[in-house]
Amino acid sequence: MVSRAKCLGLLVVGLLAGGPATVAARDDHVSGELFLRVEGSRVRLVVELRIEPGWHLYHTELGGDLDESGEGYPARPLVVTAGGEAVSWAGPLLPQPVRYDDRVLENWVNVHTGTIRIYLAGRLTDGGDASDVRVALSGATCSVKGACLRYEQVLEPAGAGRAELFADFPAALLAGPD
């Protein structure tokens with residue numbers, strides 16, 4: 001197994017090769033849109049992320065086998081944070097990740113590729129509205145060639161979105177938080 005120090009060195013080299021530690025979404029090979037629907041006090045969000053071919057986005061739970069020092073796979077897990085002053089949130093609910101076998105690190109990790117949808121649901125507080133709803137995403141992307149970049153993006157609603165985006169909204173989230 002590759003040492004943690006070597007792995008962190010590879011990550012730093014990848015970040016330096018790709019520019020500053022925090023890059024705009026268009027530079028980290030992921031683009032996203034946020035769609036919002038409000039029905040009464042119920043708020044539903046769909047985040048659609050498009051990950052470029054040859055790249056992957058780490059899942060919220062990395063997975064991987066522990067190394068000799070007890071550390072797991074060294075990467076930045078995806079963090080999804082919904083905001084809005086007048087909304088209490090449930091979720092996020094992400095699709096199942098796929099297992100990626102990293103030959104360089106001789107380990108595996110949970111990732112997303114292609115286009116994925118993240119679902120969130122919330123409830124408006126009394127008299128509140130959803131005018132300031134945002135979703136912040138933070139994590140890392142890596143190419144199959146080993147270049148890794150920090151991923152950070154804050155999404156504002158781009159409208160109600162296509163009906164198909166909400167057609168498969170998870171029933172578990174429909175009730176939203178109490």
Side-chain angles (χ1 to χ4, degrees), residues 15 18-53 55-64 72-98 100 109-142 148-178:
L15 287 171
T22 302
V23 294
R26 68 182 185 278
D27 295 329
D28 54 25
H29 307 278
V30 177
S31 60
E33 288 185 282
L34 171 63
F35 301 99
L36 165 76
R37 293 203 175 175
V38 178
E39 295 151 352
S41 66
R42 188 176 293 168
V43 179
R44 295 185 299 154
L45 301 178
V46 176
V47 175
E48 188 171 64
L49 297 178
R50 288 170 300 286
I51 305 155
E52 289 181 16
W55 288 80
H56 56 258
L57 175 68
Y58 292 111
H59 185 62
T60 54
E61 295 177 22
L62 296 174
Y73 192 91
R76 289 177 48 96
L78 180 63
V79 176
V80 180
T81 307
E85 196 170 308
V87 184
S88 61
W89 294 103
L93 187 59
L94 283 80
Q96 288 295 317
V98 296
Y100 176 74
V109 66
N110 291 316
V111 301
H112 296 283
T113 59
T115 298
I116 66 167
R117 292 183 183 145
I118 302 170
Y119 299 95
L120 299 106
R123 288 217 183 262
L124 292 172
T125 58
D126 291 335
D129 65 33
S131 62
D132 64 343
V133 167
R134 306 285 184 272
V135 173
L137 301 140
S138 174
T141 59
C142 284
C148 293
L149 301 170
R150 188 173 185 148
Y151 167 64
E152 292 192 8
Q153 187 173 21
V154 176
L155 298 173
E156 297 180 7
R162 306 175 312 276
E164 69 189 52
L165 291 169
F166 290 86
D168 294 328
F169 202 89
L173 290 180
L174 284 177
D178 292 330

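- Side-chain contact between W55 and L149 is present, with heavy atoms from C-beta onward closer than 4.5 Å.
- For R134, the salt bridge (Lys or Arg N to Asp or Glu O under 4.0 Å) partners at least two apart in sequence or on another chain are E156.
- Contact check for R42 versus R37: no side-chain heavy atoms found under the 4.5 Å cut-off.
- Using a 4.5 Å heavy-atom threshold, the side chains of I51 and T141 count as separate.
- At distances below 3.5 Å, not a single donor-acceptor pair connects side-chain atoms of D28 with backbone N or O atoms of Y151.
- Scanning both residues, I116 and T113, for their nearest heavy atoms gives CG2-O, 3.9 Å.
- The heavy-atom pair separating L120 from A82 by the smallest distance is CD2-CB, 3.7 Å.
- Across D132 and E85, no two heavy atoms sit closer than the pair OD2-N, 3.0 Å.
- Counting only heavy atoms from C-beta outward, the side chains of W89 and V133 approach each other to under 4.5 Å.
- For the atom pair CZ of R123 and OG of S88, the computed distance is 8.0 Å after rounding to the nearest 0.5 Å.
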Return all side-chain donor-acceptor pairs below 3.5 angstrom for residues 160-172, not counting sequence neighbours, or 'none' if the list is empty.
{"from": "R162", "atom 1": "NE", "to": "E164", "atom 2": "OE2", "distance (Å)": "3.4"}

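- For the side-chain contact (heavy atoms from CB on, under 4.5 Å) test with I118, the passing option among L137, L45, L34, T60 is L137; the others fail.
- Of all the heavy atoms in P92 and V80, the pair that sits closest is CG-CB, 3.8 Å.
- No side-chain heavy atom of Y58 sits less than 4.5 Å from a side-chain heavy atom of P97.
- Using a 4.5 Å cut-off on side-chain heavy atoms (C-beta onward), H56 and V98 make no contact.
- In this structure, E61 and N110 approach most closely via the heavy-atom pair O-ND2, 3.1 Å.
- P95 approaches R117 most closely through the heavy-atom pair CD-O, 3.2 Å.
- Annotation: side chain of L155 is in contact with side chain of V47 (closest heavy-atom distance under 4.5 Å).
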For this session: Output, in order, the C-alpha distance, side-chain angles, deciding distance and verdict of side chain to side chain contact (heavy atoms under 4.5 Å, CB included) for H59 and Q96.
Result: CA-CA 9 Å; H59 185 62; Q96 288 295 317; over 6 Å; no

